[in-house]
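Before any comments, here is the structure.
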2 protein chains.
Amino acid sequence: MYEHSIRTVTTQTLRRMPYYMHQLKLLQNENVTTVSAPKIAERLNLNEVQVRKDFAAVSSSKGKPKTGFLISELLYNMEELLGYHNADEAILIGTGPLAQAIITHEGIQNYGLRIIAVFDTVDDNIGSEINGIKVLASDKISNLCRRMKIRLGIITVPAKQAQGICDQLIAGGVQAIWNFSQVHLSVPEHILVHDENFAASLAILSKHLKK
Amino acid sequence: MYEHSIRTVTTQTLRRMPYYMHQLKLLQNENVTTVSAPKIAERLNLNEVQVRKDFAAVSSSKGKPKTGFLISELLYNMEELLGYHNADEAILIGTGPLAQAIITHEGIQNYGLRIIAVFDTVDDNIGSEINGIKVLASDKISNLCRRMKIRLGIITVPAKQAQGICDQLIAGGVQAIWNFSQVHLSVPEHILVHDENFAASLAILSKHLKK
DNA sequence: TAGATTGTTAATCGATTAACAATC
DNA sequence: TAGATTGTTAATCGATTAACAATC
């Protein structure tokens, strides 16, 4: 079993990956062992060529004409690709309801993420616990990131504080930021910011309703 | 002041809208009255032509060479476009931490959304209150949607229940679904599903970290 | 063999970016 | 006037989809 694929895994492919995994697991639970791209495409309302290309991009071995792909192998390859087998460590900033929701989210641990520290800017919250994790003062962010080699920061603070927190994360050597604040963050070239912007989502939804 | 623009507002344009609005408000707070596309582009790390086209798509009057656009007008046009002036009514299904975070989210009311009812599938939660809203049994969903002419449903229930809830929303005549469950929802052509998939987001982030 | 499915090359589509003339 | 900025047309880019030969 060697590398054969030169197809690149694009962001769009990555985005579809969890949906594939869910379908594969459902089939696995029915004791099915192989599956074809068209079958998965139909279940997910996707184009079959797209699914085939996605599978080709992640699978460690080729699919068999007439049979398809080995489910267990595909699943393993996807989990490996997404790092489910070796969790990323992250810190979370903010202690509001959204922070609570993220920490307690059933999925997140399974998705290869471990939140190892929580910070807040509000004095009153510092020292309290959230899901068993002690809340630290935000001025310790860059220090802890550096010391623990943290590479992912999750921002849930209000708009006004977001860029400041972001800067501290960058100073701490963080490589990627999951941004739940509703504002644009300015970062150096090589840093990835992934925005989770409810206002943007609502913009799309409410435009659809205006017809 | 009449319609002049034939430029269509794409999904991507809509997605950027809240970021523009935030910048415009910041400038307005500094008593600035006009702004150019390149200025906003620089602040948001976007291409200036893209911003200019976006502005042209939403603005009710043309920009002036050398001056740019009137901030107050642009803001009004954007708010109008996104329906901030006449709120959509929505129902929310689920009472977990994520549901709590959505209901209490500072922004959401301002973004032209009013959550008028909350449902849950878990018997123990029914009748309790969440943020002052009484939690109803999920078998009443389609009825209430129809009666109140609800057009947006927000799904925060676990994966297994998501499609069932979705079907009830559709049966109730809902036109759009904001899907926080981690699974694909099958819906008729004309219904819009907007996925908020944490697993997909993490897939993108953790891939970036693997380099 | 026939037919489902694969992998790949080419065509299409949509969005972004570049180029440039018009204008205040 | 000169220069910043607009609006628009054309070029580029990336992703999706169509077409089709290869294969089990």
Side-chain angles (χ1 to χ4, degrees), chain A residues 2-17 19-20 23-24 27 32-71 73-74 77 184 192 200 203-204 207, chain B residues 2-17 19-20 23-24 27 32-71 73-74 77 184 192 200 203-204 207:
Chain A
Y2 54 94
E3 275 307 323
H4 64 88
S5 174
I6 41 155
R7 217 170 274 293
T8 39
V9 178
T10 67
T11 301
Q12 300 310 311
T13 299
L14 285 171
R15 201 186 294 281
R16 287 186 286 269
M17 221 40 72
Y19 296 98
Y20 293 145
Q23 291 301 324
L24 294 176
L27 289 167
V32 182
T33 54
T34 62
V35 73
S36 70
K39 175 83 168 270
I40 295 291
E42 194 209 330
R43 286 172 164 240
L44 290 174
N45 249 300
L46 296 172
N47 179 285
E48 73 166 72
V49 181
Q50 183 166 73
V51 176
R52 198 174 305 129
K53 286 193 173 178
D54 284 345
F55 284 5
V58 303
S59 177
S60 57
S61 60
K62 295 203 160 200
K64 270 204 184 58
K66 194 122 162 81
T67 318
F69 294 80
L70 202 59
I71 291 179
E73 190 182 47
L74 260 189
N77 292 150
H184 169 78
L192 176 70
I204 296 164
K207 186 71 198 320
Chain B
Y2 54 93
E3 275 306 324
H4 65 89
S5 176
I6 41 156
R7 216 169 274 294
T8 39
V9 178
T10 67
T11 301
Q12 299 311 311
T13 299
L14 285 170
R15 201 186 292 281
R16 287 186 287 269
M17 219 43 70
Y19 295 99
Y20 294 144
Q23 291 301 322
L24 294 175
L27 289 166
V32 182
T33 55
T34 62
V35 73
S36 69
K39 175 84 169 270
I40 295 290
E42 193 209 330
R43 285 171 164 241
L44 291 174
N45 249 300
L46 296 172
N47 180 286
E48 72 165 76
V49 180
Q50 184 167 73
V51 176
R52 197 173 306 128
K53 286 194 173 178
D54 284 345
F55 283 6
V58 303
S59 178
S60 56
S61 60
K62 294 205 162 199
K64 271 204 186 58
K66 193 122 164 82
T67 318
F69 295 80
L70 201 58
I71 291 179
E73 190 182 48
L74 259 189
N77 292 150
H184 169 78
L192 176 71
I204 296 163
K207 187 71 198 319

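When reading the values below, keep in mind they use all heavy atoms of this one structure, side chains included, and skip hydrogens, waters and symmetry mates. A, B, ... follow the sequence lines: proteins, then strands. Residue 1 opens every chain. Not measured: the values here are computed from a predicted model.
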message: Test side-chain contact (heavy atoms from CB on, under 4.5 Å) on B:L46 and B:Y19; report intermediate values, then the result.
response: CA-CA 11 Å; B:L46 296 172; B:Y19 295 99; over 6 Å; no

Stepwise side-chain contact (heavy atoms from CB on, under 4.5 Å) test for A:Y20 and A:L74: CA-CA 9 Å; A:Y20 293 145; A:L74 260 189; over 6 Å; no

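- Where A:S36 and B:K64 meet DNA chain C, the nucleotide closest to each residue was compared, and A:S36 sits on the side nearer the 5' end.
- Taking atom CD on B:E48 and atom P on C:dA18, their separation rounds to 10 Å, with Å as the unit.
- Atoms OG1 and CG, on A:T10 and A:D54 in that order, are 7.0 Å from each other to the nearest 0.5 Å.
- Looking at the side chain of A:K66, the nearest of the listed nucleotides C:dC24, C:dG3, C:dT6 is C:dG3.
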Using the 3.5 Å cut-off, write out each protein N or O paired with an N or O of nucleotides 13-17 of chain D and the distance between them.
| from | atom 1 | to | atom 2 | distance (Å) |
| --- | --- | --- | --- | --- |
| D:dT16 | OP1 | A:R16 | NH1 | 2.9 |
| D:dT16 | OP1 | A:Q50 | NE2 | 3.4 |
| D:dT16 | OP2 | A:R16 | NH2 | 3.4 |
| D:dT16 | OP2 | A:Q50 | NE2 | 3.4 |
| D:dT16 | O5' | A:Q50 | NE2 | 2.9 |
| D:dT17 | O4 | A:K53 | NZ | 2.8 |

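- Note that the NE2 atom of B:H184 and the CD atom of A:Q23 stand 8.0 Å from one another [nearest 0.5 Å].
- B:R52 has no side-chain polar atom (N or O) that falls below the 4.0 Å cut-off from OP1 or OP2 of D:dG7.
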task: Please assess A:R16 against A:Q50 for the test side-chain contact (heavy atoms from CB on, under 4.5 Å), listing each intermediate value before the final yes or no.
output: CA-CA 10 Å; A:R16 287 186 286 269; A:Q50 183 166 73; 3.3 Å; yes

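- Where pairing requires Watson-Crick or G-U contacts shorter than 3.5 Å, the helical stems of DNA chain D with at least three consecutive pairs are C:3-24 with D:3-24.
- One atom, CD of A:E42, and another, C1' of C:dA4, lie 14 Å apart when rounded to the nearest Å.
- A straight line from CZ of B:F69 to P of D:dT5 spans 12 Å, rounded to a whole angstrom.
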task: Test B:I40 against B:L24 for side-chain contact (heavy atoms from CB on, under 4.5 Å), laying out the working first.
output: CA-CA 8 Å; B:I40 295 290; B:L24 294 175; 4.2 Å; yes

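- Nearest heavy-atom pair, B:V9 versus B:A57, reported as atom, atom and distance to 0.1 Å: CG2-O, 3.9 Å.
- The NZ atom of A:K53 sits 14.5 Å away from the CD atom of A:Q12 when rounded to the nearest 0.5 Å.
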